[in-house]
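Everything on this sheet refers to the single structure shown next.
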Amino acid sequence: MSHECSVEDPVARVIVDGTQIPVINDGVRTEVRKDGPMDITRYSEVRFPAEWNGTDYSSVVQALDPDAANVYDPVDVQLRDAVSGEYVTVHRGFVMGVGGSAEGSIERRMTVGDVGQLLNAVPFSGTYAADATLDDIIGDVLEALN
């Protein structure tokens, strides 16, 4: 059984803060890296149109806007399984940067970072006794992250 790709059924989907953006030209490139506090992190580059079918996607994708309520837009990079046709999230991260591409003003390039890259910036240190529960530790970490 073969599975044909269409505009409604792309090989890759990228969802930025709940909005699916079209992927064009060089598409999506995701790397798995062995570094940082989580030991394994992901990094993705996404090529998308500045505008498509009347939608301004360059304004949908925001990177590190200090005036925004949420500085980091969440991103899911998904690939369609060739056998099942289901989408699998291969990278869940945040928009690190957005800019032009070699293709000119029609195309934009977005870089997606890994949540592990934020951990070095979290001011957290703690000492726990042997009777500390995992809930205590996770609660403290979540409080520091927030």
Side-chain angles (χ1 to χ4, degrees), residues 1-126 128 134-146:
M1 177 173 132
S2 71
H3 189 89
E4 294 298 318
C5 184
S6 71
V7 174
E8 291 81 28
D9 192 20
V11 174
R13 289 195 310 199
V14 176
I15 301 164
V16 178
D17 202 18
T19 301
Q20 183 176 335
I21 63 170
V23 177
I24 60 172
N25 298 335
D26 289 338
V28 175
R29 181 176 60 92
T30 298
E31 297 175 1
V32 178
R33 300 174 172 179
K34 185 171 173 55
D35 68 350
M38 290 185 64
D39 200 26
I40 295 181
T41 60
R42 287 172 171 71
Y43 171 86
S44 294
E45 282 189 7
V46 177
R47 307 295 176 137
F48 66 97
E51 185 177 331
W52 185 269
N53 289 336
T55 301
D56 179 11
Y57 287 103
S58 60
S59 67
V60 169
V61 179
Q62 300 295 317
L64 308 177
D65 180 0
D67 297 326
N70 181 5
V71 176
Y72 302 101
D73 278 345
V75 179
D76 284 339
V77 176
Q78 301 176 337
L79 298 178
R80 185 173 38 80
D81 183 283
V83 176
S84 71
E86 298 292 318
Y87 286 93
V88 177
T89 300
V90 295
H91 183 182
R92 175 164 285 151
F94 64 94
V95 177
M96 281 180 32
V98 180
S101 74
E103 299 297 321
S105 63
I106 295 173
E107 183 182 84
R108 296 285 183 263
R109 183 177 68 91
M110 170 177 60
T111 54
V112 181
D114 191 281
V115 122
Q117 293 169 297
L118 300 175
L119 292 180
N120 285 337
V122 176
F124 178 78
S125 64
Y128 296 92
L134 185 57
D135 286 341
D136 293 336
I137 298 167
I138 290 176
D140 292 346
V141 170
L142 288 175
E143 184 178 324
L145 282 171
N146 287 333

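As a basis for the values below, the full set of heavy atoms in this structure was taken, side chains included, without hydrogen atoms, waters or symmetry mates. In what follows, residues are counted from 1 in the order of the sequence shown.
Among residues two or more places apart in sequence or in another chain, the salt bridge (charged side-chain N to carboxylate O under 4.0 Å, His left out) test is passed with R13 by none. Scored by the side chain to side chain donor-acceptor pair (under 3.5 Å) test, E86 finds no partners at all (sequence neighbours excluded).
M110 places a side-chain heavy atom less than 4.5 Å from the side chain of I21. Contact check for F48 versus V14: no side-chain heavy atoms found under the 4.5 Å cut-off. For the pair L79/V88, no side-chain contact is recorded, criterion being any heavy-atom separation below 4.5 Å from C-beta on. Within the 4.5 Å cutoff, the side chain of R80 has no heavy atoms near those of the Q78 side chain.
If you take CG on D76 and CZ on R92, they are separated by 4.0 Å, rounding to the nearest 0.5 Å. Taking CD of E31 as the start and CD of E45 as the end, the distance is 7.5 Å to the nearest 0.5 Å. Between atom CD1 of residue I15 and atom OG1 of residue T89 there is a gap of 7.0 Å, rounded to the nearest 0.5 Å. Taken from CZ in F94 to CG in D73, the straight-line distance is 11.0 Å, to the nearest 0.5 Å.
Contact detail for R108 and S58: the closest heavy-atom pair is NE-CB, 3.9 Å. The minimum heavy-atom distance linking P22 with P49 is given by the pair O-CD, 3.3 Å. The nearest pair of heavy atoms linking A50 to D56 is O-OD1, 3.2 Å.
Between R109 and E107 there is no salt bridge, since no side-chain nitrogen of the basic residue lies less than 4.0 Å from a carboxylate oxygen of the acidic one.
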Between H91 and S44, is the side-chain hydrogen bond (donor to acceptor under 3.5 Å, both in side chains) condition met? List the steps.
CA-CA 8 Å; H91 183 182; S44 294; 2.7 Å; yes

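For the side-chain contact (heavy atoms from CB on, under 4.5 Å) test with V28, the passing option among V46, V90, V112, V11 is V46; the others fail.
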